[in-house]
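Worksheet for the structure shown next.
Computed from a prediction, not measured in an experiment: that's the story for all the values here. In each ligand, atom 1 is the first atom listed, and ligand 1 is the first ligand listed.
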Amino acid sequence: MTLQENKKRLIELGGKVTTSWLSAQIDFCVQQIQKNMQRFGTDFPSACATNGKYRIKPNDDWTNGFWTGMLWLAYEWTGGEEFKERAMENIQSFQQRLDNHFVLDHHDIGFLYSPSAGAGYHLTGDDSCRSELLQAAEVLIARFQEMGNFIQAWGGYGDPKEYRLIIDSLINLPLLFEASKLSGDPKYANIAVKHYRTVLKTVIRENATTYHTYYFDPKSGKPTHGATHQGKSDDSIWARGQSWAVLGIPLNESCLGSIGVPRIYSKIVDVFLENLPADLVPYWDFDFNDEHPSDKDSSALAIAACGLLEAEKLTAYPEAKALAAGMIYQLGELYTAKHSPENEGLLLHGVYAHAEGKGIDEPNLWGDYFYFEALMRLAKPDWRRYW
Ligand code: GLY
C-alpha cells in the first residue's frame with residue numbers, strides 16, 4: 001500500500017467513529033480497569049501481560065504510571081470515587097518510591113510521574129501531588145549531561161557505555177515544563193529545551209526515520225552514532241520509536257507554546273503511515289511487512305493516534321484527527337480484548353522487546369493507556385492531557 005492509499009483507508013475508517021461508538025469503547029476500558037482493580041489491589045501490574053494476565057508487582061518499573069493514568073481516565077469518564085481513591089493511593093506509593101530513590105536511576109521519570117502525580121494535581125489540586133511532581137523533576141534533571149546537552153537515558157550517570165539518549169525520552173520532557181510552570185523556576189524547562197533540541201539533531205535521521213538511541217562521546221559531548229535497543233537492527237525503524245516521535249514532537253512543541261512543529265515532522269508521520277500493512281496495525285519493526293511478516297505492535301498505533309490528535313491542535317499534519325480516528329477505529333474493532341473475557345488487557349497484540357522475547361503478542365500497559373487516552377481525546381476534544 002502507498003502512503004496515499006493508507007491515508008485514504010484510515011480516513012474512511014475514521015468516518016465510522018461516532019459518539020456512541022466511542023462511548024461503547026470507553027465503557028469497555030472502564031469495565032476492564034474495574035475488574036483489574038479487584039485483582040491488583042494496591043499493587044501494580046507488570047509492564048506486559050503473560051498469556052493475557054498481568055503479573056502483580058510492587059511499584060518498581062518504568063510503566064507503573066500508566067496504570068495510575070488509566071485510573072484517572074476512568075475517574076474522569078465516570079466520576080467514580082473508587083478510581084480517584086485508588087489513584088491517590090498509587091500516588092502515595094510513588095512518593096515512597098521518591099523517598100527511597102527506588103529504581104529511579106533512569107530517565108523515565110515523566111512516564112512515571114506525569115500520569116500519576118501530575119494528573120492528580122490537575123484533577124484534585126492536592127498540594128502533595130504538586131510537591132511530588134517537583135521532586136520527580138529534580139530526579140530527572142539530575143541526569144542531564146552538559147557534555148552533549150542531553151538527559152542520559154539508562155545506566156549509571158556518566159557511564160561511557162550508556163552515554164546516550166533514546167527517542168522515548170520525548171515523553172519525559174513535559175514533566176519538566178510542568179515543573180517550571182508550577183514552581184516558577186525555569187531550570188527544569190531550560191533542560192527540557194536543551195534535551196529536545198539535541199533529540200531533534202541526532203536520533204532523527206535525515207530521511208525522517210528514527211534511530212532508537214543515539215550515543216555521544218563523553219569527553220567532547222559530540223554525537224557519535226545511532227543504535228537500536230528494541231528494534232530489529234541499528235539501521236531499521238523500530239515502529240514504537242517512530243510513534244514516540246509522532247507523539248513526542250507535538251507534545252514538546254505544545255509545551256514550548258509553538259504554533260508550528262519542525263518541518264521534518266510531517267515526513268516523520270508519513271514514514272509511520274506508509275509503513276502500515278494491510279490491516280493498518282504496524283509490525284513491531286518496519287523491516288517487516290505483509291510479505292515478510294512478524295508480530296504486530298498495536299501499542300505503536302495507539303501512541304501514534306495520540307500524537308496525531310496532539311498534532312491536530314497545532315495544525316501540524318493535514319487531516320490528523322481523521323487519521324487518528326481511523327487508527328482507533330481499527331484498534332477498537334479488531335485489536336481489543338472485548339471478545340476475550342479472560343484477557344486483562346485493553347489492547348491485544350503488542351510487543352515489548354522482541355529480541356529479549358518480552359511481551360510478544362501480549363497486551364502491555366502503555367498500549368492500554370494510550371488506547372484509552374486516544375479514545376478520551378476523541379470523545380472529549382477539550383480533555384486536558386496528563387503530559
Ligand atoms: N519506553 C520503552 C519502550 O517503549 O519500550
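A donor atom on one side chain and an acceptor atom on the other are not found under 3.5 Å apart for Gln32 and Lys338. Residues Asp27 and Trp77 have side chains that bring a donor and an acceptor to within less than 3.5 angstrom of each other. Using modelled atom types, one finds a donor on one side chain and an acceptor on the other under 3.5 Å when comparing Tyr283 with Asp290.
Geometrically, ligand 1 and Gln230 share a nitrogen or oxygen pair separated by less than 3.5 Å. Residue Trp238 has no N or O atom closer than 3.5 Å to an N or O atom of ligand 1. Of the polar atoms of Arg240, at least one N or O is found under 3.5 Å from an N or O of ligand 1, judged by distance alone. Checking only distances, Trp244 does come within under 3.5 Å of ligand 1, N or O to N or O.
Using a 4.0 Å cut-off between a side-chain N of Lys or Arg and a carboxylate O of Asp or Glu, Arg384 and Glu178 qualify as a salt bridge.
The nearest heavy-atom contact from the protein to atom 2 (C) of ligand 1 is Asp168 OD2, 3.1 Å.
Distance check, rounded to the nearest 0.5 Å: SG of Cys255 to CG of Leu173 gives 8.0 Å.
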